[in-house]
Amino acid sequence: MRIVLAPMEGVVDHTLRDMLTRQGGLDRCVTEFVRVTDRCLPARVFYRFCPELHHGGKTPSGVPVYIQLLGGQPEAMAQNALRAASLGAPGIDINFGCPAKCVNRRDGGSVLLKEPRRLYDIVSAVRAVVDPAIPVSAKIRLGFDDSSLFTEIVQAIVAAGANELTVHARTRQDGYKPPAYWHRIAPLQAQCPIPIIANGEIWSVTDARQCLAESGCEDLMLGRGLLTRPDLALLIKQSLLNNSAENTEAVDILGWQGVLDMLTDFCVVTEQMYEARYVGNRVKQWLGYLRGYYPDAAQLFEQIKRLHCPQEIAQMIERQRHTNMARTAA
Ligand SMILES: Cc1cc2nc3c(=O)[nH]c(=O)nc-3n(C[C@H](O)[C@H](O)[C@H](O)COP(=O)(O)O)c2cc1C
């Protein structure tokens, strides 16, 4: 099985991709979406979204990063895919799932799910220009208002020559409201000639097992669950590999100390990449996810939430690291 790190605009940039792929268990990442209108974007835009292009399109741990494009015009999408591929992107992903009103109003993201013919036109235009050795994948939801077009959507994307498909198992109407309807993927997956990657609401090993069983898929994409538990991909793989029925939920590979080490590194790399005023927000944003699993993260969040200076935030994390180290040694 393969596990893909979900694209998350404004959250999962290359610094987080680095942190998360270091933990192991991930086979691929996808960039935040690159918005395509009617022109070919300059190379610098692709390097900004995917600095990994400077290193063969892989994270420092060697995990490939696909570039995700979002737009409604086949020709412009094709030209930008070609450019991304020529810069060394190991794969191109096309976003047909974004629910944001501002994006949908401008003919991009999930609104295109209403017109399977247009999905076909976009995917086939991209597939036609990109070297066949470079995979082209699409990321969809079950539909826009409902899932009545789901079969046609999948058929259109397959017929257009996509190599893989990720399904976020909810409609645009469902937004991010639990549950995810993994079982809806199963009938399509059974006949689909290309791999389908199941996505949505996987927060634990139990969820992963249930999603695989209900969807019939072999591959998963993890978003918020992995930000909340950075060792989740590794845990899922270990659990499936050993076919261990024992209580895997109790296993904590990384531990709070490991998370504090990651946060320390994250402060350093984020400071190198972003203006000082943005650093604090990025650390707080990730801690916001981490506190969903680690009780100590909630406490640390309270301690830094009013701090703005990156050095003060880093010091606070460093203090926690020492306290926690002493606590575990005692
Ligand atoms: C803050 C945020 C930003 C997102 N940005 C993108 C994006 O740029 N491209 C995309 O295809 N999906 C995006 N998504 C959707 C995720 O990739 C994923 O499909 C969704 O979060 C469900 O998976 P999860 O339950 O594992 O988080 C985003 C989701 C969130 C919460």
Side-chain angles (χ1 to χ4, degrees), residues 2-14 16-17 20 25-26 28-36 45-46 48-50 65-71 77 91-104 108-113 119 122-123 136-143 153 157 162 164-182 184-185 196-208 210-212 214-215 217 219-230 232-233 235-236 281-282 284-286 288-290 292-293:
R2 296 168 305 162
I3 302 184
V4 181
L5 171 60
M8 288 177 68
E9 193 227 352
V11 184
V12 181
D13 65 349
H14 83 285
L16 254 177
R17 287 195 289 272
L20 295 171
L26 286 169
R28 186 193 305 161
C29 303
V30 183
T31 65
E32 300 161 81
F33 68 78
V34 179
R35 183 76 176 101
V36 171
V45 173
F46 293 97
R48 190 174 76 232
F49 279 91
C50 186
V65 183
Y66 284 17
I67 292 197
Q68 187 181 69
L69 302 178
L70 180 150
M77 289 289 278
I92 305 294
D93 187 62
I94 308 176
N95 179 325
F96 295 126
C98 182
K101 284 207 172 90
C102 57
V103 169
N104 289 177
S110 60
V111 73
L112 296 166
L113 298 173
L119 305 181
I122 294 166
V123 175
V136 171
S137 58
K139 181 162 178 280
I140 61 172
R141 286 175 174 249
L142 297 174
I153 289 167
I157 289 169
E164 273 178 342
L165 176 63
T166 303
V167 181
H168 177 185
R170 275 187 278 240
T171 63
R172 189 302 188 160
Q173 179 71 20
D174 296 327
Y176 288 96
K177 207 169 64 210
Y181 304 95
W182 303 317
R184 295 256 168 98
I185 301 175
I196 296 187
I197 301 165
N199 167 242
E201 295 299 320
I202 300 167
W203 299 91
S204 64
V205 175
T206 306
D207 290 342
Q210 198 178 334
C211 175
L212 292 170
E214 287 186 16
S215 67
C217 295
D219 304 310
L220 300 174
M221 176 181 273
L222 308 178
R224 295 162 300 163
L226 200 76
L227 288 172
T228 306
R229 285 203 71 175
L232 184 57
L235 260 176
I236 293 171
N281 283 347
R282 293 203 81 91
K284 288 175 208 171
Q285 188 181 49
W286 190 14
Y289 284 103
L290 289 165
Y293 181 73

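Counting starts at 1 for both ligands and their atoms, following the listed order. Not measured: the values here are computed from a predicted model.
Near Tyr176, meaning under 4.0 Å from any of its heavy atoms, are these atoms of ligand 1: 14 (N), 15 (C), 20 (C), 21 (O), 28 (C), 29 (C), 30 (C). If you number the atoms of ligand 1 from 1 as listed, the ones under 4.0 Å from a heavy atom of Ala6 come out as 17 (O). Those atoms of ligand 1 with a heavy atom of Glu201 less than 4.0 angstrom away are 24 (P), 25 (O).
Atoms CG and CH2, on Asn199 and Trp182 in that order, are 10.5 Å from each other to the nearest 0.5 Å.
Counting protein heavy atoms only, atom 3 (C) of ligand 1 is closest to Glu9 N, 3.2 Å. Residue, atom and distance of the protein heavy atom nearest to atom 1 (C) of ligand 1 are Val11 CG2, 3.8 Å. Among all protein heavy atoms, the one lying closest to atom 11 (O) of ligand 1 is Gln68 NE2, 2.8 Å. When only non-hydrogen protein atoms are considered, atom 23 (O) of ligand 1 lies nearest to Asn199 ND2, 3.0 Å.
Nearest to atom 27 (O) of ligand 1 by heavy atom, out of Arg224, Arg141, His168, is Arg224. Nearest-residue assignment for atom 17 (O) of ligand 1 (options Gly97, Gly223, Ala198, Pro7; heavy-atom criterion): Pro7.
Asp13 contributes a side-chain N or O that, together with a main-chain N or O of Leu16, makes up a donor-acceptor pair within less than 3.5 Å. A side-chain donor-acceptor contact under 3.5 Å links Ser110 to the backbone of Cys98. A donor-acceptor pair under 3.5 Å links the side-chain atoms of Asp174 to the main chain of Thr171, judged by distance alone. Using modelled atom types, one side-chain atom of Arg172 and one backbone atom of Pro99 make a donor-acceptor pair closer than 3.5 Å. Panel note: side chain Arg184, backbone Ala169; no donor-acceptor pair is recorded below 3.5 Å. When atom types are taken as modelled, the side chain of Glu32 and the backbone of Gly10 share a donor-acceptor pair closer than 3.5 angstrom.
Heavy atoms from both the backbone and the side chain of Met8 come within less than 4.0 Å of ligand 1. The proximity of Lys139 to ligand 1, defined as any non-hydrogen pair under 4.0 Å, is limited to the side chain.
Here Arg224 pairs with Glu201 in a salt bridge; the nearest charged N to carboxylate O distance falls below 4.0 Å.
For the pair Gly200 and ligand 1, a heavy-atom separation below 4.0 Å is found.
By the 6.0 Å and 45° rule, Arg35 does not stack over the aromatic ring of Phe49.
Residue Thr31 has no N or O atom closer than 3.5 Å to an N or O atom of ligand 1.
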